[in-house]
Novice: 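Take a look at this one; I'll ask things after.
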Amino acid sequence: MRQIDVDMHLAEYRIKSSQRDQLQAEITWMEASLQELEDEGAGPMLRAVVPDGMPHASGYGDPTARYGMMLTDAKDLKAYQELSAALREARKEYAKLQYECRIVDAWLAGLTEKHRIVIKGKVIGGQTWREVGEALARQTGKKNYSREGMRRLCAVACENLYAIAGCNLKKTTKLA
């Protein structure tokens with residue numbers, strides 16, 4: 001992976017994470033709506049009690065029987081099919097977003113706590129150096145972080161992140 005790809009993943013992480021959470025809520029709603037349609041599709045008037053002494057499930061597990069019941073009960077089969085298609089698409093999109101967010105989560109998990117705070121605050125969150133310094137102070141107990149010190153910490157954190165992501169780094173600075 002290239003550094004520019006890592007930077008792009010980090011820049012988009014906050015938005016994609018929010019989109020993933022919103023999609024999860026929509027999927028939950030769609031599943032509940034589909035379940036409601038299915039429950040209504042097998043109306044109580046058409047369910048006959050079979051007196052054979054064997055336990056039976058409530059409803060129909062066979063998709064053809066479920067559609068047939070919806071048609072005989074005059075339910076809107078088209079709405080059901082559209083909602084099912086929308087749910088499939090939402091699940092695909094959710095899986096894609098989940099994968100992209102897990103990549104960044106895995107990278108962040110490989111960093112130290114200080115580096116994670118700096119990357120999450122400055123690179124992902126877009127916070128000011130002052131806000132990042134306050135978060136570091138809360139975590140470490142150290143009172144003052146200079147802006148230059150935080151920039152160096154951020155540079156080291158980015159190098160470590162690129163290494164975790166598998167970027168080919170060439171050292172451009174010489175150690176004194």
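Predicted, not measured: the structure shown is a model, and the values here were computed from it. Note that the numbering runs from 1 along the sequence shown for the chain.
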Novice: Starting from Val104, can I reach Ile164 by hopping between I/L/V/M/F/W/Y residues whose side chains sit under 4.5 Å apart?
Specialist: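 Same hydrophobic cluster.
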Novice: Met8 versus Glu12: any side-chain heavy-atom pair under 4.5 Å?
Specialist: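 Yes, side chains in contact.
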Novice: Is there a side-chain contact between Met150 and Val118 in this structure, where contact means two heavy atoms from C-beta onward sitting under 4.5 Å apart?
Specialist: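 Answer no - side chains too far apart.
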Novice: Contact between Arg147 and Arg151 at the side-chain level, heavy atoms closer than 4.5 Å - yes or no?
Specialist: yes
Novice: Is there a side-chain contact between Trp107 and Val6 (heavy atoms, below 4.5 Å)?
Specialist: yes
Novice: Treating Glu93 as the side-chain partner and Ala90 as the backbone partner, does any N or O pair qualify as donor plus acceptor under 3.5 Å?
Specialist: no
Novice: Once rounded to the nearest 0.5 Å, what's the spacing between atom CD1 of Ile103 and atom CD of Gln98?
Specialist: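 Ile103 atom CD1 to Gln98 atom CD measures 11.0 Å (nearest 0.5 Å).
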Novice: Which heavy-atom pair separates Met30 from Ala86 by the least distance, and what is that distance?
Specialist: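 Result for this residue pair: SD-C, 3.8 Å.
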Novice: With a 3.5 Å cut-off and no angle check, do the side chains of Arg14 and Ser17 form a donor-acceptor pair?
Specialist: no
Novice: Salt bridge check: are Asp5 and Arg2 linked by an N-O gap of less than 4.0 Å?
Specialist: yes
Novice: Which heavy atom of Cys101 sits nearest a heavy atom of Tyr13, and at what distance?
Specialist: O-CE1, 3.6 Å
Novice: Looking at Gln127 and Val132, what are the two nearest heavy atoms and their distance?
Specialist: OE1-CG2, 3.8 Å
Novice: Validate the cation-pi geometry between Lys142 and Tyr145: distance from NZ or CZ to the six-membered ring centre under 6.0 Å, angle to the ring axis within 45°.
Specialist: yes
Novice: How many angstroms lie between CD1 in Ile27 and CD in Glu89, if you round to the nearest 0.5 Å?
Specialist: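 Going from the CD1 atom of Ile27 to the CD atom of Glu89 covers 11.0 Å.
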Novice: Just so I know, are the side chains of Leu10 and Leu161 near enough to count as touching, which here means a heavy-atom distance under 4.5 Å?
Specialist: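 Yes, at least one pair of side-chain atoms sits under 4.5 Å.
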Novice: With a 4.5 Å limit on heavy-atom distance, are the side chains of Ile117 and Thr140 in contact?
Specialist: no
Novice: Is there a side-chain contact between His9 and Met1 in this structure, where contact means two heavy atoms from C-beta onward sitting under 4.5 Å apart?
Specialist: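 Touching, per the 4.5 Å side-chain cut-off.
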Novice: How close do Cys167 and Gln3 get, heavy atom to heavy atom, and via which atoms?
Specialist: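 Closest pair (atom of Cys167, atom of Gln3, distance): SG-N, 3.6 Å.
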Novice: For a quick check under 3.5 Å, do Tyr94 and Asp21 share a side-chain donor-acceptor pair by atom type?
Specialist: no
Novice: With hydrophobic residues grouped by side-chain heavy-atom distances under 4.5 Å, do Tyr99 and Leu108 end up in a single group?
Specialist: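 Tyr99 and Leu108: one cluster.
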Novice: Could you give me the CA-CA distance, side-chain angles and deciding distance for Leu34 and Trp29, then say whether side-chain contact (heavy atoms from CB on, under 4.5 Å) is met?
Specialist: CA-CA 9 Å; Leu34 274 176; Trp29 176 83; over 6 Å; no
Novice: Report yes if the side chains of Thr112 and Arg116 come closer than 4.5 Å at any heavy-atom pair, otherwise no.
Specialist: no
Novice: What heavy-atom pair brings Ala157 and Leu111 nearest, and what distance separates the two atoms?
Specialist: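 Result for this residue pair: O-CD2, 3.9 Å.
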Novice: Honestly curious: do Leu136 and Ile124 fall in one hydrophobic cluster under the side-chain, below-4.5 Å linking rule?
Specialist: no
Novice: May I ask you to say whether Arg91 pairs ionically with Glu31, meaning some side-chain N is under 4.0 Å from a carboxylate O?
Specialist: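 So Arg91 pairs with Glu31 through a salt bridge.
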Novice: So does Lys122 have more than 12 non-hydrogen atoms from other groups sitting under 6.0 Å from NZ?
Specialist: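 Counting neighbours around NZ of Lys122, more than 12 heavy atoms of other residues, nucleotides or ligands fall under 6.0 Å, so yes.
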Novice: Check step by step if side-chain contact (heavy atoms from CB on, under 4.5 Å) holds for Lys114 and Gln139.
Specialist: CA-CA 8 Å; Lys114 278 184 184 180; Gln139 181 65 28; over 6 Å; no
